[in-house]
Amino acid sequence: MVVSVLQEMRIKDLGVIDDAVVELSPGFTAVTGETGAGKTMVVTSLGLLLGGRADAALVRVGARSAVVEGRIVVAPDAPAAVRAAEAGAELDEDALLVSRTVSAEGRSRAHVGGRSVPVGLLSDLGDDLVAVHGQTDQQGLLRPSRQRQALDRYAGDAVAGPLAAWGEAYKRLRSVTLELEALTTRARERAQEADLLRFGIEEIAAAEPRAGEDGELAAEAERLRHAEALASAAATAHGALAGDPADPEGVDANALVAGAHRALEAVRAHDPALAALADRLSEVSILLTDVAGELAGYADDLDADPLRLAAVEERRATLTQLTRKYADDIAGVLTWSERSAARLTELEGDDDRIGELAAERDALRTELAGLAAQLTEARTGAAKRFADAVTGELGELAMPHARVSFALRRTEDPQGLEIDGGAYAYGPHGTDEVELLLAPHPGAPPRPVAKGASGGELSRVMLAVEVVFADSDPVPTYLFDEVDAGVGGKAAVEVGRRLARLARSAQVVVVTHLPQVAAFADRHLVVEKTDDGSVTRSGVQAMDGEDRVRELSRMLAGQEDSELARAHAEELLEAARAEA
């Protein structure tokens with residue numbers, strides 16, 4: 001049962017396509033047309049709907065933007081529908097409406113279910129909905145990393161579980177190793193830093209400074225240096241306020257204010273204004289008495305001892321040495337001391353930290369060694385099953401004598417993980433090096449697919465791999481862009497037959513040049529250009545009956561009206577119908 005179907009796409013101002021609607025079959029849809037007619041724009045359009053890179057060069061010359069809209073029938077509880085709903089999208093009668101706009105300046109916008117969404121969401125939906133395969137994907141299959149990914153995908157939970165645990169442990173090991181290397185390689189620098197901090201902390205502790213002490217000493221030194229002038233000024237001011245005991249007839253400020261107060265006090269009852277002034281004079285008299293008393297006390301307490309001045313200056317010199325080295329003032333010096341003590345504790349604890357990290361590193365390497373063995377065992381079992389299944393599929397793709405196998409190897413490395421008495425290199429995905437091998441005929445040694453397969457054989461190997469995946473990890477829609485390149489004759493018929501069988505459980509869209517493949521399609525679309533070189537709405541036609549025979553004849557012989565080609569086309573269609 002197909003849980004989702006790409007029902008149709010509308011393509012506007014993309015490449016050579018002016019405005020066209022591509023209606024697809026839930027089963028097998030073949031897209032054909034003359035070279036350069038724009039067939040690959042179907043693949044490009046779907047790529048944009050799936051979050052592919054936007055390129056201003058895709059926009060039709062003279063157009064402001066290119067637009068691709070897709071209608072995907074999807075079950076409400078399907079992963080793609082759930083993801084879209086989480087982004088605020090809504091289904092339209094069990095269909096998800098997806099659109100992508102690319103401006104002529106290269107800017108891109110994406111919409112899902114009527115809601116503007118990040119392009120990344122389209123990529124997430126594409127992972128759940130469509131598997132796209134083209135010539136570049138064939139080249140990707142040649143890379144060992146892609147082959148390992150394919151094997152891991154086929155193995156399922158048997159590899160996924162240990163691989164997830166491996167990833168966490170591997171990431172932690174890298175972090176621990178980097179920290180350990182930083183600590184051990186900087187041992188000398190850390191020792192030098194600790195010595196400097198320790199000296200500074202001890203120097204400050206020996207001086208025993210107090211916060212604000214530097215300011216207090218500066219003020220005291222200023223007083224001691226001007227003690228005589230300060231004493232004389234205080235005595236003069238005191239005499240002016242309170243009088244000179246040696247001169248009873250002298251006039252002082254206190255006596256004058258007292259006389260003024262008595263004069264006003266005598267008449268205060270006659271005028272409230274004068275009464276208020278009398279009160280104020282009383283306050284002035286009290287204030288003068290207080291100031292005079294303080295001046296007398298100041299003069300008595302003033303210390304003019306030169307020994308005290310020398311002691312103050314010596315203490316200030318000690319504090320100045322600290323502020324010159326560690327901070328602008330004593331408060332800053334004390335703060336430096338506190339922070340340095342914390343840093344010194346950290347540095348002195350590095351040796352303990354090194355021991356802890358070394359122990360954790362060894363434990364992680366032991367854990368990874370165990371996980372590596374689990375991964376190798378799971379991959380080895382899956383490789384046998386995967387290779388047998390792909391070999392069986394190749395037998396139905398006109399490669400009956402071909403044999404596929406996997407080579408799993410490890411590379412020795414003295415610094416690697418210790419497994420079964422040896423030391424092996426390791427990376428983010430384990431210790432295994434995976435390579436897909438092909439023996440195309442009996443007697444031929446298994447060789448890497450990149451060296452042992454022709455273009456046509458490689459196309460069939462990739463198709464066989466995807467068919468095997470369809471049984472273990474199905475994708476609702478498969479899009480093949482000329483995956484049958486380099487294939488012809490009976491092999492082409494077998495490719496078409498296998499695609500038709502794949503379409504029984506999934507939607508299959510194939511861009512092809514081969515009539516043997518197109519004949520097996522449930523729906524046959526032809527892309528045609530107009531005289532001006534564009535593809536309009538009428539340029540994507542569904543071929544039925546006589547029209548389909550004529551198109552297959554063109555593909556077979558380049559002549560739509562060739563009786564021989566027509567007979568061959570009808571024979572292909574009849575054979576395909578017999579397989580249905």
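Being a predicted model, the structure only gives us computed values, none of them experimental.
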Subject >> Short N-O contact, R83 and E86, less than 4.0 angstrom >> reply: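 Judged by the 4.0 Å cut-off on N to carboxylate O distance, R83 and E86 do not form a salt bridge.
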Original post:
Would you call R353 and E179 a salt bridge, taking side-chain N to carboxylate O under 4.0 Å as the test?
Top reply: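 Yes, charged N to carboxylate O under 4.0 Å.
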**OP:** Let me see the working for R198 and D195 under salt bridge (charged side-chain N to carboxylate O under 4.0 Å, His left out), right down to the final yes or no.
**Re:** CA-CA 5 Å; R198 192 177 294 109; D195 286 343; 3.0 Å; yes
Less than 4.5 Å apart, any side-chain heavy atom of [X] and any of [Y]?
{"X": "F406", "Y": "T380", "value": "no"}
{"X": "S108", "Y": "V119", "value": "yes"}
{"X": "V495", "Y": "L397", "value": "yes"}
{"X": "V509", "Y": "Y478", "value": "no"}
{"X": "V404", "Y": "L436", "value": "yes"}
{"X": "L97", "Y": "E69", "value": "no"}
{"X": "L96", "Y": "L125", "value": "yes"}
{"X": "P76", "Y": "D94", "value": "yes"}

Would you give the length of the straight line joining atom [atom1] of [X] to atom [atom2] of [Y], rounded to the nearest 0.5 angstrom?
{"X": "D13", "Y": "I17", "atom1": "CG", "atom2": "CD1", "result": "10.5 Å"}
{"X": "R174", "Y": "R361", "atom1": "CZ", "atom2": "CZ", "result": "15.0 Å"}
{"X": "I72", "Y": "L6", "atom1": "CD1", "atom2": "CG", "result": "5.5 Å"}
{"X": "L357", "Y": "T177", "atom1": "CG", "atom2": "OG1", "result": "9.0 Å"}
{"X": "R343", "Y": "L197", "atom1": "CZ", "atom2": "CG", "result": "7.5 Å"}
{"X": "I354", "Y": "L180", "atom1": "CD1", "atom2": "CG", "result": "6.5 Å"}

Subject >> Qualifying residue, where the test is salt bridge (charged side-chain N to carboxylate O under 4.0 Å, His left out) with E396 and the options are R460, R497, R501 >> reply: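 For E396, the salt bridge (charged side-chain N to carboxylate O under 4.0 Å, His left out) test succeeds with only one of R460, R497, R501, which is R501.
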Original post:
Considering residues at least two apart in sequence or located in another chain, which fulfil the side-chain contact (heavy atoms from CB on, under 4.5 Å) criterion with A359?
Top reply: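 Result, side-chain contact (heavy atoms from CB on, under 4.5 Å) vs A359: none returned.
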Original post:
Between R172 and E360, does a salt bridge (charged side-chain N to carboxylate O under 4.0 Å, His left out) hold up when you go through it step by step?
Top reply: CA-CA 10 Å; R172 177 57 187 163; E360 184 178 3; 2.7 Å; yes
Subject >> Centroid-centroid distance, F28 to F520, less than 6.0 Å >> reply: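 No: the rings miss the under 6.0 Å criterion.
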**OP:** Just do the side-chain contact (heavy atoms from CB on, under 4.5 Å) check on L58 and T44 with the steps written out, would you?
**Re:** CA-CA 9 Å; L58 296 173; T44 302; 3.9 Å; yes
Taking every non-hydrogen atom, the tightest pair across [X] and [Y]:
{"X": "T512", "Y": "A30", "result": "CG2-CB, 4.5 Å"}
{"X": "V517", "Y": "A492", "result": "CG2-O, 3.7 Å"}
{"X": "L368", "Y": "A169", "result": "CD2-CB, 3.6 Å"}
{"X": "L151", "Y": "A382", "result": "CD1-C, 3.8 Å"}
{"X": "E393", "Y": "A464", "result": "CB-CB, 3.6 Å"}
{"X": "L573", "Y": "A519", "result": "CD2-O, 3.8 Å"}

Original post:
Do T32 and H524 have side-chain N/O donor and acceptor atoms under 3.5 Å apart?
Top reply: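 A donor-acceptor contact under 3.5 Å links the two side chains.
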Ignoring hydrogens and geometry, is there a side-chain-to-backbone donor-acceptor pair from [X] to [Y] under 3.5 Å?
{"X": "W166", "Y": "L375", "answer": "no"}
{"X": "Q507", "Y": "S25", "answer": "yes"}
{"X": "T391", "Y": "R403", "answer": "no"}
{"X": "T376", "Y": "A373", "answer": "no"}
{"X": "R190", "Y": "L183", "answer": "yes"}
{"X": "D55", "Y": "A57", "answer": "yes"}

**OP:** Check the angle between the aromatic planes of Y426 and Y170 and answer parallel, tilted or perpendicular using the 30° and 60° thresholds.
**Re:**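 Perpendicular: the ring planes of Y426 and Y170 meet at over 60°.
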Original post:
Yes or no on side-chain contact (heavy atoms from CB on, under 4.5 Å) for R100 and L122, after CA distance, side-chain angles and deciding distance?
Top reply: CA-CA 9 Å; R100 182 83 179 275; L122 299 186; 3.9 Å; yes
May I ask you to check whether over 12 heavy atoms, not counting those of [X], lie within 6.0 Å of atom [atom1]?
{"X": "Q149", "atom1": "CD", "answer": "yes"}
{"X": "R365", "atom1": "CZ", "answer": "yes"}
{"X": "E346", "atom1": "CD", "answer": "yes"}
{"X": "R447", "atom1": "CZ", "answer": "no"}

**OP:** Would you please test M9 and L49 for side-chain contact (heavy atoms from CB on, under 4.5 Å) and show each step?
**Re:** CA-CA 9 Å; M9 287 193 303; L49 285 183; 3.8 Å; yes
Original post:
Should R148 and E435 be marked as a salt bridge (charged side-chain N to carboxylate O under 4.0 Å, His left out) after you check the CA-CA gap, both sets of side-chain angles, and the distance that decides it?
Top reply: CA-CA 7 Å; R148 177 193 47 73; E435 190 165 34; over 6 Å; no
Subject >> Partner of R71 under side-chain hydrogen bond (donor to acceptor under 3.5 Å, both in side chains), chosen from E23, Q7, E8 >> reply: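 Of the listed options, the one satisfying the test is Q7.
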Subject >> Chi angles and distances behind the side-chain contact (heavy atoms from CB on, under 4.5 Å) call for L394, L438 >> reply: CA-CA 11 Å; L394 289 177; L438 174 67; 4.3 Å; yes
Would you be so kind as to tabulate the donor-acceptor pairs closer than 3.5 Å made by side chains of residues 411-425, with sequence neighbours excluded?
residue	atom	partner	partner atom	Å
T411	OG1	E433	OE2	2.3
D413	OD1	Q415	N	3.0

Original post:
Stepwise, does the salt bridge (charged side-chain N to carboxylate O under 4.0 Å, His left out) test hold for D152 with R379?
Top reply: CA-CA 7 Å; D152 288 352; R379 283 170 174 157; 2.8 Å; yes
